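In what follows, chains carry the letters A, B, and so on, assigned in the order in which the sequence lines appear, proteins first and then strands, with residues in each chain numbered from 1. Model, not experiment: these values are computed from the prediction.
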Number of protein chains: 2
Amino acid sequence: MTKPQAGRTALDPEMFDPVCPSPLVPFRVGDKWAALILRCLQDGPRRFSELKVPLRGVTAKSLTQSLRRLERDGFVVREEYEGTERRVEYALTPLGLGLLGPLDAACAWTREHWDELIDAQEAGLPGATRRP
Amino acid sequence: MTKPQAGRTALDPEMFDPVCPSPLVPFRVGDKWAALILRCLQDGPRRFSELKVPLRGVTAKSLTQSLRRLERDGFVVREEYEGTERRVEYALTPLGLGLLGPLDAACAWTREHWDELIDAQEAGLPGATRRP
DNA sequence: CGGAATCCGAGTCGATACTG
DNA sequence: CAGTATCGACTCGGATTCCG
């Protein structure tokens, strides 16, 4: 079986559940998955397949794309380890680590105003008071 | 001529210059123009044509789209005034106003780390140390 | 395991032209 | 002035298949 090396805990498969598609909402970093990935890496390096777990429904292609972009922009580093079993890990750079600060601030604001955000959207969509 | 009512100063046409495409960089709110629009509205309501000035190169279509979305999501309100001359103004809602807080935090972080961001990107792109 | 290659639909963006 | 209509280009992201 695949043993998680050392003491780092595995990612919570539901860390981005329930409904909330992204803990960012109106904020976004890069593409759809980028911010989620950064948060997954905050406790240390993670393997490709490890990242797929909490990022429910992400395809390998999308995940690779996001990781490549994060790598290109200097927020993440990719490290390939050699051995009998293949092993690639992604980790935050200092820059990526620093990004977590304002990112958390944005997430906090979103959580604080979650109800207002939902209410405002529901008021904005329906058929009641519409411009023709 | 069109006189700016009361004492509010006009928008600086170059408020989003020079190079920087968006004062957000890795952060984004909504679509390409949304965050820029929010900042344009921070000193009070603005007219459609007023917004087009600092948002260099935005087409009426794109601007309308962004504004509609911001309106739908409850960050902006649209007000149409009647009179001999046509007049539509957009203003921040309390929710939109609150968004400026974390938004500014994100912008501040980006400014502080601007050089690192540029350097990291330049290091990520070129042909020197590439994976084949 | 960690991808790459390919296909495809949906959404965005700008340019252009036209309207009330 | 404040848009709408239409178009084409491009990007995003998912599904699927294949590979060392």
Side-chain angles (χ1 to χ4, degrees), chain A residues 1-5 10 16 21-22 24 26 28-37 40-41 45-53 55-73 76-91 130-132, chain B residues 1-5 10-11 21-22 24 26 28-37 40-41 45-53 55-73 76-91 130-132:
Chain A
M1 60 185 94
T2 310
K3 46 203 153 183
Q5 86 280 27
F16 296 132
S22 156
L24 286 171
R28 294 151 55 194
V29 179
D31 56 38
K32 177 175 179 180
W33 303 103
L36 274 16
I37 293 171
C40 287
L41 297 180
R46 298 287 181 179
R47 302 181 59 169
F48 187 85
S49 48
E50 212 174 349
L51 290 171
K52 285 203 290 190
V53 179
L55 270 31
R56 323 207 75 125
V58 73
T59 60
K61 178 198 161 192
S62 297
L63 183 52
T64 303
Q65 276 186 0
S66 289
L67 285 168
R68 291 282 185 273
R69 263 186 291 249
L70 288 171
E71 198 188 351
R72 175 177 58 78
D73 293 342
V76 158
V77 282
R78 187 188 116 114
E79 265 164 303
E80 196 158 349
Y81 300 95
E82 34 207 302
T84 99
E85 55 158 300
R86 186 145 183 226
R87 181 176 192 76
V88 178
E89 285 192 345
Y90 295 90
R130 297 287 298 276
R131 254 193 319 285
Chain B
M1 60 186 93
T2 310
K3 46 203 153 187
Q5 86 279 29
L11 290 173
S22 157
L24 286 171
R28 293 153 54 195
V29 181
D31 55 38
K32 177 174 180 181
W33 303 103
L36 274 16
I37 293 172
C40 286
L41 298 179
R46 298 286 181 180
R47 302 181 59 167
F48 187 85
S49 48
E50 213 173 350
L51 290 172
K52 285 202 290 188
V53 179
L55 270 31
R56 321 207 77 122
V58 73
T59 60
K61 178 197 160 194
S62 297
L63 183 52
T64 303
Q65 276 185 357
S66 289
L67 285 168
R68 293 281 184 273
R69 262 186 292 249
L70 288 171
E71 198 189 352
R72 175 177 57 80
D73 293 343
V76 158
V77 282
R78 186 187 115 111
E79 264 165 303
E80 196 159 348
Y81 300 96
E82 33 207 305
T84 98
E85 56 157 297
R86 185 143 184 228
R87 182 175 192 76
V88 177
E89 285 192 345
Y90 295 89
R130 297 287 298 276
R131 253 192 323 284

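Of all the heavy atoms in B/Glu50 and B/Leu11, the pair that sits closest is O-CD1, 3.5 Å.
The CZ-P distance, from A/Arg78 to C/dC1, rounds to 16 Å in whole Å. One can place CD of A/Glu85 at 8 Å from P of C/dG2, the figure rounded to the nearest angstrom. To the nearest angstrom, P of D/dG3 lies 8 Å from CG of B/Leu63. In this structure, CD of B/Glu80 is placed 11 Å from C1' of C/dG20, rounded to the nearest angstrom. For the pair B/Leu55 CG and D/dG3 P, the computed distance is 14 Å after rounding to whole Å. One atom, CD of B/Glu71, and another, C1' of D/dA2, lie 14 Å apart when rounded to the nearest Å. Atom CG of B/Leu67 and atom P of C/dC13 are 13 Å apart (whole Å). Here the P atom of nucleotide D/dA2 and the NZ atom of B/Lys52 are 8 Å apart, to the nearest Å.
Nucleic acid contact for A/Tyr81: none, since no nucleic acid atom lies under 4.0 Å from a heavy atom of the residue.
Using a 4.5 Å heavy-atom cutoff, the side chains of B/Trp33 and B/Leu63 are not in contact. Put simply, the side chain of B/Ile37 does not reach to within 4.5 Å of the side chain of B/Tyr90, judged on heavy atoms. B/Glu71 places none of its side-chain heavy atoms less than 4.5 Å from the side chain of B/Leu67. Within the 4.5 Å cutoff, side-chain heavy atoms of B/Leu41 are placed close to those of B/Leu51.
Legend: residues meeting side-chain contact (heavy atoms from CB on, under 4.5 Å) with B/Ala91, ordered by chain and number and at least two apart, are B/Pro45, B/Val77. By the side-chain contact (heavy atoms from CB on, under 4.5 Å) test, B/Lys61 pairs with B/Thr59, B/Gln65, sequence neighbours left out. In this structure, the salt bridge (Lys or Arg N to Asp or Glu O under 4.0 Å) partners of B/Arg86, at least two apart in sequence or on a different chain, are B/Glu80. With sequence neighbours excluded, no residue forms a side-chain hydrogen bond (donor to acceptor under 3.5 Å, both in side chains) with A/Ser49.
Terminal axes of the helix from C/dC1-D/dG20 to C/dG20-D/dC1 (five pairs each, C1' rotation axis) are separated by 40°, to the nearest 10°.
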Exercise. Just by protein heavy atoms under 4.0 Å, how would nucleotides 13-20 of chain D read 5' to 3' in B, S and -?
Worked result: BBB----B
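Listed pair A/Arg68 / C/dG3 meets the phosphate criterion, a side-chain N or O lying under 4.0 Å from OP1 or OP2. Side-chain nitrogen and oxygen atoms of B/Arg47 include at least one within less than 4.0 Å of the OP1 or OP2 phosphate oxygen of D/dA2. Taking side-chain N and O atoms only, A/Ser49 has a distance below 4.0 Å to OP1 or OP2 of C/dG2. In terms of phosphate contacts, A/Arg87 brings no side-chain nitrogen or oxygen within less than 4.0 Å of OP1 or OP2 of C/dC1.
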